[in-house]
*Asks:* 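Mind having a look at this structure? Questions to follow.
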Amino acid sequence: MNLKLQMIGTGSAFARKYFNNNALLQDGDFTLLIDCGVTAPLALHQLDKSFADVDAVLITHIHADHVGGLEELAFKMKFTFHRKIKLYIAESLTAILWEHSLKGGLYQAGEITSLEDLFEVCPLTPHQPYSISEHIQVELIPTEHIPGKNSYSLYFNDRFFYSSDMIFNPDLLQYLVKERSCGKIFHDCQLEGRGEVHTTLEELMTLPEDIRKITYLMHYGDNKNEFLGKIGEMDFIEQGHIYLL
Ligand SMILES: O=c1ccn([C@@H]2O[C@H](COP(=O)(O)O)[C@@H](O)[C@H]2O)c(=O)[nH]1
Ligand SMILES: [Zn+2]
Ligand SMILES: [Zn+2]
């Protein structure tokens, strides 16, 4: 069974040409939304889709380009579609997501007082595999992004790695490829400047050729086209395209 990956956005946090780095992972007629940033509703609309097409959502960390669209998703599910979808999120982030991000907009006395009033919350323990659909299995891998902020990368089906936002960790990439049969890497890529909270193109270019060959770049800036031909054996993943995995 082929899974389909469609990035609804491939942009860095403040990109204007590209939507937030969020994705749809499709297993037959089941659709998982990976992160749900501020631009997710419009990004879906431009693909002739909406939250009605989403069966579950998986969150990697608490930044607006990854969770800023959850308020609309939650309201739509509750009051328009009358569905409670599964919310997959690290157990360390559930209280933070509600108390520090969603409660302000979604709280409604007697009606919406917790995440569980909106979602079927599925708290995930890092380093454990979870079955999300018949052919989608995910494992959270804690990775460094912002000091003091829990942030997770995703390892699907013991086959492909989705960094979300992380600083460079070549040892992890080597381990996944050499020891865990990783065949594709979707990696955030800061095109210019120092990689204080992300991995830079310069850093990714230091990876061995066999890893670069299976690496697809995402979470990039508006000037991405200036870097065409300057990314070695790597490829840019394109917003809206459907990739068979
Ligand atoms: O130390 C920092 C922390 C944050 N930033 C900026 O904020 C965004 C955060 O969004 P991401 O989704 O993690 O990209 C980041 O890109 C930086 O632009 C920073 O510069 N320095
Ligand atoms: Zn981001
Ligand atoms: Zn981030």
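Counting starts at 1 for both ligands and their atoms, following the listed order.
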*Asks:* Below 4.0 angstrom from a heavy atom of His66, which ligand 1 atoms are there? Numbered from 1 as shown, please.
*Replies:* 12 (O)
*Asks:* Does this structure show an ion pair linking Glu139 with Arg180, if we count only N-O contacts that are shorter than 4.0 Å?
*Replies:* yes
*Asks:* Is the closest basic N to carboxylate O distance between Asp235 and Lys184 below 4.0 Å?
*Replies:* no
*Asks:* So which heavy atom in the protein is nearest atom 5 (N) of ligand 1, and how far is it from that ligand atom?
*Replies:* Val197 CG2, 4.4 Å
*Asks:* With side chains defined as the heavy atoms from C-beta onward, is the minimum distance between Met166 and Thr199 less than 4.5 Å?
*Replies:* yes
*Asks:* With Lys86 as the cation and Phe119 as the aromatic partner, state whether NZ or CZ is under 6.0 Å from the six-membered ring centre and within 45° of the axis.
*Replies:* no
*Asks:* Just checking: Asp65, one of its N/O/S atoms, less than 2.8 Å away from the Zn ion (ligand 2), yes or no?
*Replies:* yes
*Asks:* In ligand 1, which numbered atoms sit nearer than 4.0 Å to a non-hydrogen atom of His145?
*Replies:* 13 (O)
*Asks:* Does Lys84 come within less than 4.0 Å of Glu116, counting only side-chain N to carboxylate O?
*Replies:* no
*Asks:* With a cut-off of 4.0 Å, which atoms of ligand 1 are near a heavy atom of Phe14?
*Replies:* 7 (O), 8 (C), 18 (O)
*Asks:* How wide is the angle at the Zn ion (ligand 2) between OD2 of Asp165 and NE2 of His66, to the nearest 10°?
*Replies:* 90°
*Asks:* Are the side chains of Ile132 and Gln137 in touch, meaning some heavy atoms are under 4.5 Å apart?
*Replies:* no
*Asks:* Is the number of heavy atoms from other residues, nucleotides or ligands under 6.0 Å of Glu202 CD greater than 12?
*Replies:* no
*Asks:* Distance below 4.0 Å between atom 14 (O) of ligand 1 and any protein heavy atom?
*Replies:* yes
*Asks:* What N/O/S atom of His63 gets nearest to the Zn ion (ligand 3)?
*Replies:* ND1
*Asks:* Which residue supplies the protein heavy atom nearest to atom 10 (O) of ligand 1, what is that atom called, and how far is it?
*Replies:* Ala13 CB, 3.3 Å
*Asks:* Can you list the ligand 1 atoms lying under 4.0 Å from a non-hydrogen atom of Ile146?
*Replies:* 3 (C)
*Asks:* Within a distance under 4.0 Å of any heavy atom of His198, pick out the atoms of ligand 1 and give their elements.
*Replies:* 11 (P), 13 (O), 14 (O), 16 (O)
*Asks:* Report the nearest protein non-hydrogen atom to atom 9 (C) of ligand 1: residue, atom name, distance rounded to 0.1 Å.
*Replies:* His63 CE1, 3.7 Å
*Asks:* Can you report which non-hydrogen protein atom sits closest to atom 11 (P) of ligand 1, along with the distance?
*Replies:* Asp165 OD2, 3.3 Å
*Asks:* Would you say the side chains of Asn21 and Tyr162 form a donor-acceptor pair under 3.5 Å?
*Replies:* yes
